[in-house]
Amino acid sequence: MAAMTGALSRQAAFELAVNTALNDFPNVEAIREEQRNCLKHLIDGIDVFAILPTGFGKSLIFQLFPRIKRALERRQEGMPYTIVVVTPLTAIMKDQVEHLNKIGVAAAMIGEDMDEAVKSGSYEIVYGSPESWLSKEWTKELQEGKLGKQVAAIAIDEVHSITECSRSVLKRLSIETSEKKKKDPFREAFSRVKDLRSQLPGVPVIALTASVLLKERQKLIKASGMISPVIVDVSPNKENITLDFLEMKKESYSGSNLKWVADMISTHGRQTPQTIIFCKTFNSISFVLSYLLMTLRGKAFVDSEDKGKVSLIGVYHAKTWDKEKSEIEHDFKGDGLKRVVIATCALGMGVNFPHVRYVIQYAPPNS
């Protein structure tokens with residue numbers, strides 16, 4: 001009876017902590033059962049492998065964690081628990097840090113101007129790339145510094161990026177790769193992410209992804225350094241998403257398959273539903289862009305109050321200028337002038353674009 005009463009008491013305390021933490025997250029009224037399950041195990045110090053669909057709220061799990069942990073431990077204000085987040089893309093980090101700071105959650109990204117504040121233990125959520133966290137500076141900080149002493153969990157976002165099946169993806173995404181080097185340092189760092197465990201012994205790990213093959217699961221568990229993790233798995237099937245397939249002939253003749261996109265832009269102009277066309281190669285991007293521009297001609301552009309003529313069509317890949325990337329990201333988070341983006345998978349991983357209506361894979365994916 002005493003054990004049952006204690007369990008009920010812990011459950012009530014957990015639910016109260018969750019509800020208290022949710023007060024700091026506008027527009028989030030409740031969490032899903034799978035999110036709750038992940039948080040419970042992480043709070044108890046148990047590793048978690050979360051395979052949750054795109055849009056399910058994976059990041060909310062590790063964003064809520066420090067405040068729930070602090071509430072349960074009754075830790076006073078100004079003494080935060082910190083969760084270290086390892087993520088492969090700068091766009092993800094910037095997007096989430098900006099959002100969290102707007103709602104009053106102390107978040108930062110290492111490698112920016114906030115490093116000293118991060119080391120002083122001022123942040124609840126600290127993002128960094130694999131190579132940053134595994135650098136000498138930050139491994140020492142995690143082992144010996146104030147930050148390391150208040151880290152209560154490690155989150156590895158987009159964990160599928162570790163495996164061989166996505167190495168070609170990471171090669172295109174890497175922003176620091178020199179063509180002269182035989183190895184991609186970004187990939188190499190991600191494959192060593194389990195080394196963080198040795199810097200933070202006893203700290204639980206949550207690894208998150210929306211997509212992983214069954215045969216890759218054990219590889220990812222081992223590569224992440226997880227020990228007998230609880231696996232929380234949700235089907236990616238969504239009833240409100242329709243998949244259509246269109247057979248393409250040789251690429252030189254396949255532009256007509258995108259005629260409906262050109263017609264849509266011609267008809268709707270700046271009200272064109274936001275659309276992303278994913279391509280596997282730069283040549284495919286060039287072909288699609290040329291087709292749309294030649295078909296639309298002047299209708300591909302609209303007048304802007306401060307920039308003159310602006311194209312409704314954008315291009316996003318690893319070599320796109322940072323300014324152009326930022327403009328596209330900004331427009332797609334709201335209702336900007338860029339309506340159609342032709343991109344490699346450098347666009348979109350982990351970034352919230354709430355208004356996208358059409359997603360086109362111009363060629364079959366690699367996996």
Side-chain angles (χ1 to χ4, degrees), residues 6-77 79-87 92-93 96-97 99-100 103-107 123-127 150-160 193 196-197 200 202-210 212 217 220-221 224-236 350 352:
L8 289 172
S9 178
R10 287 194 299 274
Q11 176 66 21
F14 176 80
E15 294 299 332
L16 178 60
V18 169
N19 291 332
T20 301
L22 283 175
N23 290 333
D24 300 321
F25 288 78
N27 304 319
V28 183
E29 296 181 0
I31 59 173
R32 304 171 194 255
E33 189 56 39
E34 292 83 4
Q35 292 169 314
R36 179 179 281 102
N37 195 14
C38 290
L39 282 163
K40 279 182 181 177
H41 287 99
L42 201 60
I43 292 289
D44 289 340
I46 299 169
D47 292 345
V48 179
F49 189 14
I51 308 165
L52 306 173
T54 299
F56 192 87
K58 292 185 290 296
S59 59
L60 184 63
I61 297 168
F62 59 74
Q63 290 169 0
L64 285 169
F65 171 81
R67 298 203 169 187
I68 295 173
K69 176 81 170 175
R70 191 179 71 195
L72 288 170
E73 301 291 335
R74 298 182 180 178
R75 201 163 183 168
Q76 66 187 35
E77 196 74 32
M79 296 180 62
Y81 283 106
T82 298
I83 186 164
V84 161
V85 182
V86 185
T87 186
I92 297 174
M93 293 187 267
Q96 295 191 14
V97 167
H99 168 70
L100 289 167
I103 64 173
V105 177
Y123 294 96
E124 300 166 78
I125 306 169
V126 183
Y127 294 81
Q150 66 186 46
V151 171
I154 302 166
I156 306 173
D157 202 11
E158 307 294 351
V159 70
H160 62 274
V193 75
L196 282 174
R197 272 271 142 86
L200 298 164
V203 172
V205 172
I206 179 167
L208 306 107
T209 182
V212 60
R217 290 189 182 187
L220 288 173
I221 289 169
S224 304
M226 291 185 286
I227 302 169
S228 303
V230 170
I231 298 176
V232 180
D233 190 1
V234 176
S235 170
N352 182 25

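Residue indices begin at 1 and follow the sequence shown.
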Check whether any side-chain heavy atom of [X] lies under 4.5 Å from a side-chain heavy atom of [Y], and answer yes or no.
{"X": "Ile206", "Y": "Phe65", "answer": "no"}
{"X": "Arg217", "Y": "Ile51", "answer": "yes"}
{"X": "Tyr127", "Y": "Asp157", "answer": "no"}
{"X": "Ile61", "Y": "Leu39", "answer": "yes"}
{"X": "Glu158", "Y": "Ile92", "answer": "yes"}

- Report the residues that fulfil side-chain contact (heavy atoms from CB on, under 4.5 Å) with Val28, sequence neighbours left out, ordered by chain and then residue number. Leu22, Phe25, Leu60
- Task: Only pairs at least two apart or in different chains count here, so list each salt bridge (Lys or Arg N to Asp or Glu O under 4.0 Å) that has a residue in residues 35-49.
- Result: Glu15-Arg36, Glu33-Arg36, Asp47-Arg197
Nearest heavy atoms of [X] and [Y], plus distance in Å:
{"X": "Lys58", "Y": "Pro53", "answer": "NZ-O, 3.4 Å"}
{"X": "Ile43", "Y": "Leu72", "answer": "CG2-CD1, 3.7 Å"}
{"X": "Pro66", "Y": "Gln63", "answer": "CD-O, 3.6 Å"}
{"X": "Val48", "Y": "His41", "answer": "CG2-CB, 3.7 Å"}
{"X": "Pro26", "Y": "Ile103", "answer": "CD-CG2, 3.8 Å"}
{"X": "Pro80", "Y": "Tyr123", "answer": "CG-O, 4.4 Å"}

About how many Å separate [atom2] of [Y] and [atom1] of [X], when rounded to the nearest 0.5 Å?
{"X": "Thr82", "Y": "Gln150", "atom1": "OG1", "atom2": "CD", "value": "3.5 Å"}
{"X": "Phe49", "Y": "Ile156", "atom1": "CZ", "atom2": "CD1", "value": "10.0 Å"}
{"X": "Ser59", "Y": "Leu64", "atom1": "OG", "atom2": "CG", "value": "9.5 Å"}

- Message: Going by side chain to side chain donor-acceptor pair (under 3.5 Å), name the pairs with one or both residues in residues 17-32, residues two or more places apart or in two chains.
- Response: Asp24-Arg67
- Message: With a 3.5 Å distance limit and no angle check, can you tell me whether Gln35 reaches the backbone of Gly57 through a side-chain donor-acceptor pair?
- Response: yes
